[in-house]
Amino acid sequence: MIRLFDSVHGEIRELQLRDAGEVSMYVCGPTVYDLPHLGHGRYTLIWDVARRWFTFRGLEVRFVSNITDIDDNIIARALRDGVDESEVARIYEDQWWDAMTRLGVARPSDTPHATQFVDQMVELISTLLELDVAYATSDGIYFDVSRVADYGLLAGQPLDSLRAGARIEANDEKRSPLDFALWKNAKPAEPSWSAPFGDGRPGWHTECVVMSLELLGDGFDLHCGGFDLKFPHHENERAQAVAAGRPFAQHWAHNGWVMVGAEKMSKSLNNFTSLTHLLEETDARAYRLLVLRSHYRSPIEVSPATIADAERALSRLDALARRFGLPALAGQTLEVKSSFNWEGPGLDLLERVCQKLDDDLDTPLAVALLFDAVSAANALADAGDEWSARALASAVAALFGALGLALESVGDEVDAASAALVSQRDQARAEKDWAEADRLRAELVALGWTVEDSDSGTQIRHS
RNA sequence: GGCGGCGUGGCCGAGUGGUUAGGCAGGGGCCUGCAAAGCCCCGUACUUGGGUUCGAAUCCCAACGCCGCCUCCA
């Protein structure tokens with residue numbers, strides 16, 4: 001049984017599945033008009049972890065995440081760069097998948113593009129117009145939030161109090177400041193699609209509700225996204241579904257954001273670091289470990305210091321993998337490691353880790369258990385209990401693998417010159433010529449190697 | 001104004017009524033030719049003021065500070 005915090009009820013609840021053994025989940029994806037930033041990295045990592053965990057637990061996961069390839073930001077970018085909107089979307093979508101690949105985020109089962117679902121969006125808007133929950137203004141079609149009885153469910157407050165705080169909008173044709181655009185009328189030189197209620201393009205909130213329902217069907221299980229999407233984006237998606245009489249997501253999960261110092265990282269504050277940039281100079285696994293070490297609903301600080309901290313913690317895991325020659329059990333695939341032989345202390349670890357992760361995806365506690373197991377495995381090996389040590393260490397690698405973190409046991413490629421120094425050093429050590437051995441070690445270190453002695457002689461890897 | 005979250009040891013970051021979170025950094029020891037890696041031990045923290053309790057970082061009340069959503073945002 002998987003339990004997960006549900007934003008609507010404000011408590012941890014059992015994840016009820018529409019179809020036994022199958023999870024249908026939707027994660028709001030990026031609008032592709034710029035490089036992905038660290039916030040995108042966090043949400044993709046944590047929901048990738050959730051997906052992998054559900055899969056590991058034997059559930060069949062249909063994981064849908066969209067690409068918003070038409071909206072105001074894309075149009076603005078196209079204008080700025082003097083290229084076509086579709087070109088902007090193509091460029092940044094490529095960047096997106098590059099970053100996802102490097103992060104080790106598995107491809108969603110489906111990656112719907114907004115522009116491919118315009119017909120269905122037009123259909124939904126027509127329905128909403130027929131039902132009189134939508135109305136036309138001079139610049140588009142708007143949704144009348146007052147027509148949804150429980151509007152404000154996700155925001156956690158009634159419509160009245162939301163309205164009280166709403167700021168004055170430029171558009172005074174709207175019946176309520178909270179009414180949102182379903183369709184924006186075509187403007188010259190902007191992409192548009194034909195519709196019975198006038199040519200134009202869809203609003204963002206309509207894109208997600210249509211794509212999720214279209215691919216996952218009515219009453220799908222789980223809708224995820226950052227906390228900042230809870231309102232108004234998710235509220236508005238839900239409002240449309242409710243108004244159209246279609247059961248929507250049964251469970252809502254939101255992740256905490258990335259902080260820069262004491263502030264949320266966001267586009268509007270222009271304080272974001274691009275994910276692309278981070279991945280150029282960092283082992284992507286460090287970001288995954290950093291994400292795993294805090295709870296998904298808490299804010300996290302991503303800075304050179306916290307990344308470096310995670311990198312050092314990671315090296316402890318890799319050292320374990322090297323010591324036991326453990327295979328890397330993660331990557332692009334979601335293969336369930338059913339063939340893995342859980343035994344002895346490894347089986348015990350599996351049970352305890354499952355207990356934590358099944359309870360609101362408590363990755364920080366699970367990671368703490370795994371680090372405890374690293375110490376225990378090393379201690380067992382030091383004490384000569386190879387069997388137990390190996391069973392435990394293998395389980396650690398398998399469980400990190402289940403969370404998408406591959407431990408690295410294979411050494412770096414060693415060039416001929418360095419290899420020669422290594423064998424010379426082994427020779428010197430065999431002859432107990434310590435001065436020469438130390439000199440050769442210094443030479444290797446100067447070449448950027450970390451040098452360690454082992455039973456089988458000098459081992460080197462990149463620092 | 002409405003709603004929500006947070007304040008933990010040098011740093012990051014869990015926990016939530018009584019037993020060690022974990023990682024990083026630091027100190028001591030073991031191991032090692034010396035190192036590295038690894039193992040063992042150590043720091044004795046919970047914004048402040050009240051209260052409840054045999055006992056609170058954990059519950060209640062108040063105060064202070066910080067952050068977020070209500071507007072494009074993951």
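As the structure is a computational prediction, the values presented were derived from the model and not from experiment. A, B, ... follow the sequence lines: proteins, then strands. Residue 1 opens every chain.
- A:Gly10 comes within contact range of no nucleotide atom at all, as no heavy-atom separation falls under 4.0 Å.
- Comparing B:G22, B:C39, B:C3 by their closest approach to the side chain of A:Ala379 singles out B:C39.
- Within the shown strands, nothing qualifies as a pairing partner of B:A25 under the Watson-Crick or G-U definition with both distances less than 3.5 Å.
- In the set B:G23, B:G13, B:G2, the nucleotide with an atom closest to the side chain of A:Ser375 is B:G23.
- Counting atom types as modelled, A:Asp372 pairs no side-chain N or O with a base atom of B:G22 as donor and acceptor under 3.5 Å.
- Both A:Asp382 and A:Met259 lie close to RNA chain B; mapped to their nearest nucleotides by heavy-atom distance, the more 5′-ward contact belongs to A:Asp382.
- Comment: A:Asp34 engages A:Arg77 in a salt bridge, judged by a side-chain N to carboxylate O separation of less than 4.0 angstrom.
- In the interface, the side chain of A:Asp160 is not paired with the base of B:G2 through any donor and acceptor atom under 3.5 Å apart.
- Taking atom C1' on both B:G43 and B:C24, the two are 15 Å apart, rounded to the nearest angstrom.
- Nucleotides B:A25 and B:C40, compared at atom P, are 16 Å apart to the nearest Å.
- Nearest nucleotide to the A:Ser161 side chain, out of B:G2, B:G15, B:C24: B:G2.
- Where stacking is scored as ring centres under 5.5 Å apart with planes under 30°, A:Tyr43 does not register as stacked on the base of B:A74.
- Taking the P atom of each, B:G50 and B:A14 are spaced 30 Å apart, rounded to whole Å.
- Under 3.5 Å, the side chain of A:Arg441 and the base of B:A35 form at least one donor-acceptor pair of N or O atoms.
- No contact: A:Arg439 has no heavy atom under 4.0 Å from any strand.
- A straight line from OH of A:Tyr296 to P of B:G5 spans 14 Å, rounded to a whole angstrom.
- Note on A:Val258: a base of the nucleic acid sits closer than 4.0 angstrom, heavy atoms only.
- Which of B:A74, B:G13, B:A21 sits closest to the side chain of A:Asn255 comes down to B:A74.
- The same atom, C1', is picked in B:G17 and in B:G55; the two are 8 Å apart, to the nearest Å.
- Nucleotide B:G1 is matched to B:C70 when pairs are restricted to Watson-Crick or G-U wobble geometry with both distances under 3.5 angstrom.
- No contact: A:Asp72 has no heavy atom under 4.0 Å from any strand.
- With B:C24, B:G33, B:A74 as the choices, the nucleotide that has an atom nearest any side-chain atom of A:Arg312 turns out to be B:C24.
- Between A:Lys174 and A:Asp144, none of the side-chain N atoms (NZ, or NE/NH1/NH2) sits under 4.0 Å from a carboxylate O, so this pair counts as no salt bridge.
- Contact annotation: A:Arg297 side-chain N/O to B:G13 OP1/OP2 distance is not under 4.0 Å.
- In this entry B:A57 has no Watson-Crick or G-U wobble partner, no candidate having both defining distances under 3.5 Å.
- Regarding contacts with the backbone of B:C39, a side-chain N or O of A:Asn378 is found under 4.0 angstrom from either OP1 or OP2.
- A:His295 comes within contact range of the sugar-phosphate backbone alone, with a heavy-atom separation under 4.0 Å but no base atom that close.
- When both distances must be under 3.5 Å, the Watson-Crick or G-U wobble mate of B:C6 is B:G65.
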- request: Would you sort out whether A:Arg285 and A:Leu314 count as a side-chain contact (heavy atoms from CB on, under 4.5 Å), showing the intermediate values?
  value: CA-CA 8 Å; A:Arg285 299 178 305 149; A:Leu314 188 59; 3.7 Å; yes

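- Annotation: A:His251 is not in aromatic contact with A:His223 [ring centroid separation under 6.0 Å not met].
- Counting any heavy atom pair closer than 4.0 Å across all strands shown, A:Gln459 reaches no nucleic acid atom.
- In this entry B:U32 has no Watson-Crick or G-U wobble partner, no candidate having both defining distances under 3.5 Å.
- Summary of the strand contacts: A:Arg429 and A:Gln157 both lie near RNA chain B, and taking for each the nucleotide with the nearest heavy atom, the more 5' one is attributed to A:Gln157.
- Across all strands shown, A:Ser454 has no heavy atoms under 4.0 Å from either base or sugar-phosphate atoms.
- B:G22 and B:G65: their C1' atoms are spaced 28 Å apart (whole Å).
- Between the C1' atoms of B:C11 and B:C46, the separation comes to 16 Å (whole Å).
- Considering only side-chain N and O atoms, A:Ser298 lies nowhere under 4.0 angstrom from the phosphate OP1 or OP2 of B:G5.
- Under 4.0 Å is where a charged nitrogen must lie from a carboxylate oxygen, and between A:Arg461 and A:Asp318 no such pair does.
- Applying the Watson-Crick and G-U wobble criteria (two distances, each under 3.5 Å), B:U19 pairs with nothing in any strand.
- With hydrogens and angles ignored, no donor-acceptor pair under 3.5 angstrom links the side chain of A:Asp228 to the base of B:C70.
- With respect to the salt-bridge test (charged N to carboxylate O, under 4.0 angstrom), the residues A:Arg147 and A:Asp179 do not qualify.
- One finds a side-chain N or O of A:Arg316 lying less than 4.0 angstrom from the OP1 or OP2 phosphate oxygen of B:G38.
- Between A:Trp47 and A:Tyr296, the distance separating the two ring centers is shorter than 6.0 angstrom.
- Less than 6.0 angstrom separates the ring centroid of A:Phe143 from the ring centroid of A:Phe180.
- Nucleotides B:U71 and B:G2 are separated by 16 Å at their C1' atoms, to the nearest Å.
- Contacts of A:Met265 with the nucleic acid, taken as non-hydrogen atoms under 4.0 Å apart, include base atoms.
- B:C6 sits 15 Å from B:G15 when the C1' atoms are compared, rounded to a whole Å.
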